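Computed from a predicted model, the values in this text were never measured in an experiment. Below, chains carry the letters A, B, ... as their sequence lines are ordered, and counting in each starts from 1.
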There are 2 protein chains.
Amino acid sequence: MSSNNTISHEIADILRDEILRQRYRSGDRFPSERDLAARFDASRGAVREALSQLEQLGLIHTQPGGARVQSVNSASLAVLGPLLALDDHPDPLLVDQFLQTFSVLTSMTVKNAVNAASPEQLTQLKQLLVELANHSDDIEAMQPRWREFLEAMSTIADNLVVRLIRNDLKAQFVDQMMKRGFQPDLKKGSTDRLLTTLGESLSKRDGELASKAMQNYFEELRGTVGKALRFNSEGHRSEQFSGA
Amino acid sequence: MSSNNTISHEIADILRDEILRQRYRSGDRFPSERDLAARFDASRGAVREALSQLEQLGLIHTQPGGARVQSVNSASLAVLGPLLALDDHPDPLLVDQFLQTFSVLTSMTVKNAVNAASPEQLTQLKQLLVELANHSDDIEAMQPRWREFLEAMSTIADNLVVRLIRNDLKAQFVDQMMKRGFQPDLKKGSTDRLLTTLGESLSKRDGELASKAMQNYFEELRGTVGKALRFNSEGHRSEQFSGA
DNA sequence: GGACCAAATTGGTCAGACCAAATATAGAGC
DNA sequence: GCTCTATATTTGGTCTGACCAATTTGGTCC
C-alpha cells in the first residue's frame with residue numbers, strides 16, 4: 001500500500017480500510033484514542049497521528065468529546081486508491097468511472113495545449129509524436145513516452161487545477177493498476193489512428209480535433225478495459241493481473 | 001480559514017501559507033520539528049501534527065533525517081483553497097482554470113445523469129427545474145436550488161470519482177468565493193436559456209444537449225467572472241467583495 | 001417526561017526521554 | 001588537495017505520564 005513503514009501509517013491504513021469496508025456506519029462514534037492505543041498496543045501519540053491522516057482524508061471528524069465517522073461520499077479524492085485496492089479485483093464500475101473522468105480532463109488539457117502552444121512547443125510535441133509512432137509496436141516502450149507527451153501537454157496547457165486533479169488521480173489509480181501489472185491491450189489500429197489525428201491537429205493547430213481524438217481513444221479504452229475486468233472478475237484469473 | 005481553533009491547525013495554516021508563498025524552494029530542507037516547536041512556543045507533538053497535515057497536502061515529505069519541501073505542482077488538490085485565499089483578491093487565472101475544470105466535470109455529470117435517469121428521477125429533475133424557473137429573478141434564492149439540482153444530477157449520474165473531485169473543488173473554491181461574498185451577476189437571459197434547454201433535454205432524454213447547454217452557460221460565466229475579477233484586481237474595490 | 005447538574009470520558013497539549021536512521025563532521029590514507 | 005571512512009550529531013518516530021477544557025453521560029429533581 002502507500003504506507004511508510006511507520007506505526008502511525010500502519011494504524012491509519014488499517015482503520016482507513018475498516019471505514020471503507022463500511023465497518024462503521026456514517027455518523028457512528030469512532031473508538032476513542034485511548035481504546036485504539038490499547039488495541040494496537042501503541043502510544044496515544046501514534047494513534048493521534050493516524051487519526052489526523054483519516055481526518056485529512058475526510059473519513060472522520062474529530063472533536064473534543066469524540067470522533068465521528070463520515071460518509072465516503074464526502075471524503076477526499078485521496079480515498080480512491082485505497083478503495084480500488086480494497087479487493088483483489090478492482091471494481092470494474094469504479095475503473096470505468098475513473099477512465100471517463102480522466103478522459104474529459106485529458107481531452108480538455110489536450111485541447112488547450114494545442115491551442116496555446118508556441119511554435120517551438122508545437123515542434124516539440126510533433127517530435128514526441130514521432131517518437132511514439134516509432135515505438136507503436138512495443139507497448140512497454142510507449143508507456144514512458146506517453147507519459148512524457150502528456151506531461152508536455154499538461155505543462156503547455158498550464159492549468160493548475162487540472163494538473164492537481166490528475167496528480168491525485170494518477171497517484172490513486174494509474175500507479176495502482178501498474179502495481180497490479182495491468183496492461184490494457186488496445187488494438188494497434190486505435191493507437192495509430194490517435195497518433196495520426198493528433199499529428200494532424202498539431203499541424204492545423206486544431207485543439208478541438210485533438211480533443212475529439214483523445215475522447216474516442218478513451219472510449220475504446222473503456223470498452224477494452226471493461227471487458228478485461230469483467231472477464232477477470234468472473235473468476236477466470238487471467239495473467240493480466242500478476243498481483244503485486 | 002479552514003482552521004479549527006487548535007494550535008496544531010494554526011501552525012499548519014501558517015507553515016502551509018509560507019510554503020505556498022514560495023518562502024522555501026522546492027527541495028529545500030524544512031526546519032526541524034524541534035526548531036518549529038521553539039518558534040511557535042508549542043510542544044513537538046503539536047508541531048508533528050501540523051507537519052502531518054502538510055504531508056497529507058503533499059507540500060512536504062518527511063523522513064528520518066529531515067523533511068523536505070515539495071513542489072506545489074505535485075501537491076494535493078486540497079491546496080487550491082489556501083492558494084486562492086493567499087491574497088485579498090483571488091487570482092483571476094486560477095479562478096478561470098477552476099471554472100473551466102468545473103465546467104467539463106459538470107457537463108459530464110449532467111450528460112450521464114440525463115441519459116441514465118429513471119422516469120421518476122426525470123420528473124423529479126423537471127420539478128426542480130420548475131422551482132428554479134420560478135425564482136429566476138432572485139439569485140439569492142436560486143443558489144440553494146441550484147445546489148439541490150446539481151446534487152440530484154450527481155446522485156443520478158453516480159460517478160464516485162467525479163463526486164469526490166467536485167467535493168474537493170467545492171470545498172476549496174465555491175465556499176471560498178461565498179465567504180468573500182462574491183456573486184456573479186449573469187444576465188438573466190443566460191440563465192433562462194440554460195433552464196429552457198435543460199428542460200428540453202430532459203423531455204428528449206438528450207444528455208448531449210444538456211451537456212452542451214451546461215458548457216455554454218459556464219462559458220458565459222467564465223467571461224463574466226473574469227471581467228469582474230480583472231476589474232476588481234485593478235484596485236477598484238467593488239462591492240462584490242465584501243470581505244469575510 | 002423533561003430540565004438541570006455532577007461525574008466520567010474524550011480530544012488537545014505539554015514535558016522529558018529513548019531509539020534508529022540519516023546527515024554532517026573529522027580524520028586517515030593516498 | 002582529494003577521497004573515503006568512521007565517528008558524532010541531528011532528526012524523525014515513538015513512548016510514558018500528566019493536565020486542561022469541552023463534551024458526553026447518567027442520575028436527580030421537579
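Each of Gly65(B) and Val47(A) lies near DNA chain D, and the nucleotide nearest Gly65(B) is the one positioned closer to the 5' end.
Ranking dG11(C), dC14(C), dG12(D) by closeness to the Arg48(B) side chain, first place goes to dG12(D). Among the nucleotides dA22(D), dT11(D), dT13(C), the one closest to the side chain of Pro64(A) is dA22(D).
Between Ile11(A) atom CD1 and dG13(D) atom P there is a gap of 14 Å when expressed in whole angstrom units. Protein atom CD of Glu33(A) is 17 Å distant from nucleotide atom P of dA22(D), rounded to whole Å. Whole-Å rounding puts the Phe40(B) CZ to dT13(C) P distance at 13 Å. What separates CZ of Arg34(B) from P of dG12(D) is a distance of 7 Å, to the nearest Å. Rounded to whole Å, atom P of dG11(C) lies 8 Å from atom CG of Leu36(A). Taking atom CZ on Arg29(A) and atom P on dA8(C), their separation rounds to 17 Å, with Å as the unit. In this structure, CG of Leu51(B) is placed 14 Å from P of dT14(D), rounded to the nearest angstrom. One atom, CZ of Arg68(B), and another, P of dT10(D), lie 17 Å apart when rounded to the nearest Å.
The side chain of Ser8(A) places no N or O atom within less than 4.0 Å of a non-bridging phosphate oxygen (OP1 or OP2) of dG13(D). Phosphate contact (OP1/OP2 of dC15(D), side-chain N/O of Arg44(A), threshold under 4.0 Å): absent. Phosphate proximity of dG13(D) to Thr62(B): present, with a side-chain N or O under 4.0 Å from OP1 or OP2.
At least one donor-acceptor pair under 3.5 Å links the side chain of Asp28(A) to the backbone N or O of Arg25(A). No donor-acceptor pair under 3.5 Å is formed between the side chain of Ser52(B) and the backbone N or O of Arg48(B).
Nearest heavy atom pair, residue Arg29(A) against residue Gly66(A), reads NH2-CA, 3.9 Å.
Atoms CG and CG, on Leu105(B) and Leu105(A) in that order, are 5.0 Å from each other to the nearest 0.5 Å.
A salt bridge is absent between Lys170(A) and Glu151(A): the closest approach of a Lys/Arg side-chain nitrogen to an acidic carboxylate oxygen does not fall below 4.0 angstrom.
Note on Gly66(B): only backbone sugar-phosphate atoms sit closer than 4.0 angstrom, heavy atoms only; bases stay farther off.
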